Structure formats: structure tokens, C-alpha cells
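I have placed the structure first, in the form of C-alpha cells, so that the comments after it can refer back to it.
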Protein chains: 2
Amino acid sequence: MTEIPGKAAGDTRSRILDAAERLFMEHGFDGTSMRMITSQAGVNLAAVNYHFGTKELLIQEVFRRRLTDLNRSRLAALEVLELEAAGASIKPSRIVDAFFGTALRMAADVEGGGHTFMRLLGRTYTEPNEFVRQFLAEEYAECVERFLAALYRALPEVDRKEILWRFHFMMGAMSYAIAGTDALQLVTGKFDDENPSQLAPRLMSFLLGGLRAPLAGFGGLK
Amino acid sequence: MTEIPGKAAGDTRSRILDAAERLFMEHGFDGTSMRMITSQAGVNLAAVNYHFGTKELLIQEVFRRRLTDLNRSRLAALEVLELEAAGASIKPSRIVDAFFGTALRMAADVEGGGHTFMRLLGRTYTEPNEFVRQFLAEEYAECVERFLAALYRALPEVDRKEILWRFHFMMGAMSYAIAGTDALQLVTGKFDDENPSQLAPRLMSFLLGGLRAPLAGFGGLK
DNA sequence: AATTCATTAAAACGTTTGTTTAAATCATAC
DNA sequence: GTATGATTTAAACAAACGTTTTAATGAATT
């Protein structure tokens with residue numbers, strides 16, 4: 001049971017997960033081979049299959065490792081808000097912060113790997129791979145449901161379908177802001193020199209502006 | 001030079017491009033094999049290499065075929081606005097519509113393939129593949145530069161860096177809204193039954209709300 | 001009718017893929 | 001110290017990959 005420095009028990013597992021996380025983020029799932037992962041992790045090729053079974057199960061574990069904590073933190077933040085409100089209505093901005101702000105704070109953790117993971121997660125929302133989509137949906141189901149319900153209560157005068165759309169839009173803006181920093185920086189001449197510390201307040205303000213925007217369908221469109 | 005119905009000259013090229021477009025959208029670039037493309041297109045395996053050279057050049061052609069028109073339309077819409085204004089300032093909402101509205105109108109064209117392409121394009125913004133990112137950046141450079149300049153002129157009192165960020169956020173919200181409809185629909189119980197006709201006005205209203213949101217940094221943060 | 005050039009067809013190329021096998025090595029318990 | 005179970009290692013597997021090659025087919029020109 002003694003932890004040996006340099007090569008502790010379970011060290012191989014962690015090394016694989018860390019290497020896979022970074023490589024999946026950089027090259028995608030199909031673009032990352034088992035050999036890339038194991039050589040980056042400094043372990044034998046067969047180690048992935050030994051510890052995780054298959055590549056798909058490794059992908060699943062890469063997500064579960066962090067996603068469980070993320071959504072637990074989100075729900076904990078929401079519960080704090082609900083307790084504080086004590087039955088009264090909660091400001092939508094607080095709810096948005098509990099969901100998106102929590103993710104942004106994780107994305108700000110560069111050293112611990114949270115930044116890498118959030119970039120990977122952002123890309124995965126639009127991942128073609130059916131298996132990954134299915135897994136993500138299940139992992140998110142409860143958390144999203146709870147937050148949507150909270151928003152419905154906080155905005156009782158707004159059609160629920162509209163809230164759903166706006167939640168969708170906010171997810172997109174955040175995912176892309178975290179994951180797609182490479183995309184436009186070539187066009188615009190790199191502007192992430194101060195990333196990601198300045199991202200959070202800017203994005204939050206944008207999201208709340210979008211959430212509060214007048215509903216479509218006033219100018220004749222419907 | 002006579003066009004023969006049923007199997008016209010260049011028909012093979014188009015069949016390949018159409019099949020590749022759909023398959024890339026569904027399975028990604030690495031997840032789509034040459035054999036998947038050629039069998040879906042009903043042509044011989046060697047046809048892709050004969051007509052396009054390599055898989056990478058095929059990918060490039062899939063994008064160029066539609067992207068050139070899209071950005072041409074965007075720039076044309078912007079020029080109309082600038083001519084109408086005749087030197088006076090242009091409303092930011094008009095500029096946003098010229099850029100994002102044009103894309104959304106293309107995405108609404110389901111039969112002509114514009115919908116498929118825009119979903120592919122949205123996914124590609126966060127594409128890990130270095131080669132694809134580089135190509136997209138070059139293809140977008142001029143158009144983005146022109147629109148950013150227009151927004152700078154329309155909002156002279158706003159720090160240009162802030163405008164750049166918000167443009168970035170808007171790109172994310174749109175890309176995700178078009179490309180990622182599968183992602184959350186599993187969670188939320190599918191809501192694209194009326195897609196994509198209702199998407200455009202809702203998204204435009206959200207984007208404008210975000211663009212007009214008060215800048216971050218009031219509450220002590222900077 | 002013969003020739004020419006573009007296109008299509010079938011088969012094979014060498015690599016790389018994820019996974020498995022079987023032997024070697026390790027730490028721990030008896 | 002010997003046995004045991006977990007882990008690591010090296011080697012090999014069939015399958016799938018993008019691409020190339022060589023021959024057959026097509027239509028238009030001379």
C-alpha cells in the first residue's frame with residue numbers, strides 16, 4: 001500500500017489518461033492512435049488495453065474522470081443558490097454563473113489539466129462519433145435538466161422553448177470560446193496572449209446579454 | 001461538349017463531392033474513408049485520387065465549392081449596406097445580419113445541400129486537423145477582416161479588442177447552433193422538429209443581445 | 001475504320017490501425 | 001526463499017487505410 005515516488009501504484013493509468021486527454025484535444029479521437037498515446041505516456045503499447053479494455057472505454061474514462069466532478073460542482077453551486085433563496089426566485093444571472101462560470105473556472109486551471117480537458121470537451125460537443133455523443137448526453141442529462149428547471153422557475157413569464165434555445169446558444173458560445181481559440185486567431189492575429197483569465201468575465205457578460213435579449217418575433221417575423 | 005443526361009461530364013466529381021460532404025459532416029474527416037465516399041457516390045475507389053489527387057485536396061474542394069460563394073454573398077451584402085449608408089454609420093445589427101444572417105440563410109437550404117455544408121463547417125471550426133484549420137483561416141481572412149473593420153467603424157466608442165471577442169462569441173453560438181443540434185437534443189428531448197426555419201430569428205436576437213451587452217469590468221473585475 | 005485521349009475498372013501496394021498472445025518481470029504474502 | 005497474482009514487455013495478428021498501377025472502356029477526332 002506504500003506509495004513509491006516516481007512510479008506509484010496506478011501511475012500507469014494516470015499517465016495514460018493524461019497523455020490521452022492532451023492528444024485527443026490536439027488531434028481528435030480518430031487522429032490519435034494507441035501508439036501515440038502509449039509513447040507519449042512512456043508506457044507499453046499493450047498497457048491501454050490491459051488497463052482500460054478498448055480505445056472507446058479509454059475515451060469514456062478520460063471524460064468521466066473530470067466530468068463527474070464538474071457536474072457535481074455545478075449542482076452544488078445550484079443548491080447553494082436554492083438554499084439562499086429559500087423558495088424565493090433566483091436571479092437568472094446567478095444560475096448562469098453556477099453552470100457556465102463553474103466550467104470557466106475549471107478551464108482557467110491550466111496546470112491541473114482542467115484547461116486541456118475543457119478544450120477537449122468543447123470540441124466534443126460537435127463530435128461526429130455517435131458513441132461519444134451518446135455517452136456525453138447520458139453524463140449530462142441530470143445536470144442539464146436541473147439547471148433548465150431552475151431557469152424555468154427564474155423566468156416564469158418566458159416560454160420554456162425559448163429558454164431551451166438560449167441555453168443551447170450559450171452552450172455554443174462557451175464551447176467555442178474555450179475550444180476554438182485556434183480557429184480565428186490565425187485570421188485575427190492571435191489574441192489569446194492573456195487567455196484564459198480574461199475570457200470568463202467577457203463571456204459571462206455576453207451570455208447574459210444574449211439571455212436577456214428581446215425575444216424574436218416582434219418585427220413581423222414569427 | 002454535349003451534356004448527356006444521367007451521366008453528364010463532371011458528374012462523377014459532383015457525386016463524390018456531395019457524398020464526401022455528407023459523410024464528413026456525419027463522421028468527420030478521419031472517420032470517413034475513401035471507400036465510404038466512393039461506395040456512397042457509386043463510383044470506383046480510384047475515382048477520388050484521379051479527380052482530386054489526394055484525400056486532403058478533396059477536403060479542400062468540398063469547402064471551396066461552397067465557401068467561396070458564401071463569403072462572396074457576405075461581402076456583397078456588406079457593400080450594399082456601405083453604399084446605402086453613403087459614409088454615414090451603419091447599424092451594427094445590419095452588419096451582424098450581413099455576416100451571420102447570410103450563413104443562416106444558406107443553412108436553411110436543406111435540399112440544395114447548404115444545410116449539410118453549414119453543419120460540416122460549424123464542426124470544422126473546432127477541427128483538430130492542422131491542415132484544415134490553416135485552409136479555413138486563409139479562406140476566411142479577407143471576409144472576417146472586412147466585417148471587423150465595419151464593426152469597428154459602427155462602434156467607434158467600443159474598444160476594438162472587445163468587439164473582436166464578441167465576434168468570436170457570436171461565431172461560436174452560430175456554429176454550435178447549426179452543427180451541434182444532435183448534442184443536446186438527446187438531453188432535452190429533441191427540439192429540432194421545426195428546424196432550421198425557426199433558428200435564424202432566434203439566433204439573431206440572441207447574437208444582438210450579446211453584442212449589445214454591457215462590457216465586463218464594472219463590478220470591480222478588470 | 002483507325003486513332004487518340006479522358007475516364008473507369010479491378011487488383012494490388014506498403015502502412016498503419018486496434019487488439020491479442022505468450023513470455024518476462026515485479027512486488028507481496030506465505 | 002518460494003509461490004502467487006498483478007503488471008509489463010516484445011512480438012504478432014488480421015483488418016482497414018490511402019494510394020498506385022495496369023488494363024479496359026468510352027466517346028470524339030482524323
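Chain A is the first sequence line, chain B the second, and so forth, proteins listed ahead of strands; every chain is numbered from 1. Keep in mind it's a predicted model, so treat the numbers as computed, not measured.
In summary, A:D18 and A:R15 do not engage in a salt bridge, as defined by a charged side-chain N under 4.0 Å from a carboxylate O. Under the 4.0 Å criterion applied to side-chain N and carboxylate O atoms, A:K55 and A:D30 are not assigned as salt-bridge partners. Between B:D97 and B:R94 there is no salt bridge, since none of the side-chain N atoms of the basic residue sits less than 4.0 Å from a carboxylate O of the acidic one.
Following rounding to the nearest Å, B:H27 (NE2) and D:dA16 (P) show an atom-to-atom distance of 15 Å. Between A:D30 atom CG and D:dG18 atom P there is a gap of 11 Å when expressed in whole angstrom units. One interatomic measurement links the two molecules: CD1 of B:I16 to P of C:dT7, which rounds to 12 Å at whole-angstrom precision. The CG atom of B:D11 sits 15 Å away from the C1' atom of C:dA6 (whole-angstrom rounding).
Contact check of residues 31-41 of chain B against DNA chain D (heavy atom, cut-off under 4.0 Å) returns B:T32, B:S33, B:M34, B:R35. Annotation: proximity of residues 53-65 of chain A to DNA chain D (heavy atom, distance under 4.0 Å) is found for no residue. Residues of residues 44-51 of chain A having a heavy atom closer than 4.0 Å to DNA chain D, listed by number: A:N44, A:A46, A:Y50, A:H51.
Considering only residues two or more places apart in sequence or on other chains, A:F117 meets the ring-ring contact (aromatic ring centres under 6.0 Å, His included) condition with A:F63.
With ring centers used as reference points, B:F169 lies 6.0 Å or more from B:F206. Residues A:F147 and A:F167 place their aromatic rings such that the two centres sit no closer than 6.0 Å.
Relative ring orientation between A:H168 and A:W165 is described as tilted, the plane-to-plane angle lying within the 30° to 60° band.
Judged by distance alone, the side chain of B:R123 and the main-chain N or O of B:M25 form a donor-acceptor pair under 3.5 Å. Between the side chain of B:T102 and the backbone N or O of B:S73, no donor-acceptor pair lies under 3.5 Å.
Between the side chains of A:S205 and B:R166, at least one donor N or O lies within less than 3.5 Å of an accepting N or O.
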Give the table of side-chain donor-acceptor pairs shorter than 3.5 Å for residues 40-50 of chain B, with sequence neighbours excluded, one pair per line with atom names and distance.
| unit_1 | atom_1 | unit_2 | atom_2 | d |
| --- | --- | --- | --- | --- |
| B:N44 | OD1 | B:A46 | N | 2.9 |
| B:N49 | ND2 | B:G53 | O | 3.0 |

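Close to D:dT7, at under 4.0 Å from its OP1 or OP2, lies no side-chain N or O of A:T12.
Atom CZ of A:R22 sits in a sparse spot, with 12 or fewer heavy atoms from other residues, nucleotides or ligands closer than 6.0 Å.
Here the side chains of A:M118 and A:D109 are not in contact, with every heavy-atom distance at 4.5 Å or above.
Rounded to 10°, the helix from C:dA1-D:dT30 to C:dC30-D:dG1 has 10° between the axis fitted to its first five pairs and the one fitted to its last five.
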